[in-house]
Amino acid sequence: MLCNITDIIMYIIVGGYSGLANGTASFLKNLAFVKYDSKRFTVLFSVLRIVLLCFAFEGLITFCFICIEIAGTVAVLFGREDGFSLKVISFIGECIWIVYDALFATLFVASMTAVSTVVSLVGVLLGNRCKEKK
């Protein structure tokens with residue numbers, strides 16, 4: 001969710017309204033899943049994000065985002081209880097965002113996305129390490 005907040009702030013700064021809309025929908029989806037454990041709202045915000053992606057369709061990379069969103073929703077509904085599969089899918093999605101930002105946005109945006117991706121990866125690795133110690 002920290003990555004989502006970083007993305008939202010970044011898109012506000014650069015004026016990327018489609019990225020802002022998608023980042024907000026992604027944040028709400030993750031909030032519904034993590035905070036409220038609501039699969040219904042998780043699916044609702046996933047569908048909203050897919051619709052937003054369809055409106056802003058830019059070819060293959062947008063198709064990748066749609067596939068990642070669908071995979072993430074399936075991971076939420078049927079994945080492991082600890083959310084590991086969702087974290088991995090989110091990491092893959094962030095990597096696709098880095099490519100997108102480098103191609104269509106600015107290097108500043110791509111570097112900010114890369115930083116949030118590294119933070120996300122460290123969180124996943126540290127989370128798994130703590131679980132292994134228990």
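Treat the numbers as computed from the prediction; the structure is a model and nothing was measured. The residues of the chain are indexed from 1 along the displayed sequence.
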Would you compute the distance between atom CD1 of Ile13 and atom CD1 of Ile8 and round it to the nearest 0.5 angstrom? 12.0 Å
Determine the minimum heavy-atom distance between Thr113 and Asp101, stating which atoms define it. OG1-OD2, 2.6 Å
Separation between OH of Tyr100 and CG of Leu60, rounded to the nearest 0.5 Å: 13.0 Å
Return the CZ to CD1 distance between Phe27 and Ile5, rounded to the nearest 0.5 Å. 4.5 Å
Measure across Ala102 and Ala110 and return the closest heavy-atom pair with its distance rounded to 0.1 Å. N-CB, 3.7 Å
Would you tabulate the side-chain donor-acceptor contacts of residues 63-74 under 3.5 Å, counting partners in other chains and residues two or more places apart, or write 'none'?
unit_1 : atom_1 : unit_2 : atom_2 : d
Glu69  : OE1    : Arg49  : NH1    : 2.5
Glu69  : OE2    : Lys29  : NZ     : 3.2
Glu69  : OE2    : Ser46  : OG     : 3.1
Thr73  : OG1    : Ser46  : OG     : 2.7
Thr73  : OG1    : Glu69  : O      : 2.9

Any chance you could measure Ile50, atom CD1, to Phe55, atom CZ, to the nearest 0.5 Å? 13.0 Å
Decide yes or no for Leu48 and Leu44: does some side-chain heavy atom of the first lie under 4.5 Å from some side-chain heavy atom of the second? no
So which heavy atom on Ala114 is nearest to which on Ile98, and how close? CA-CD1, 3.6 Å
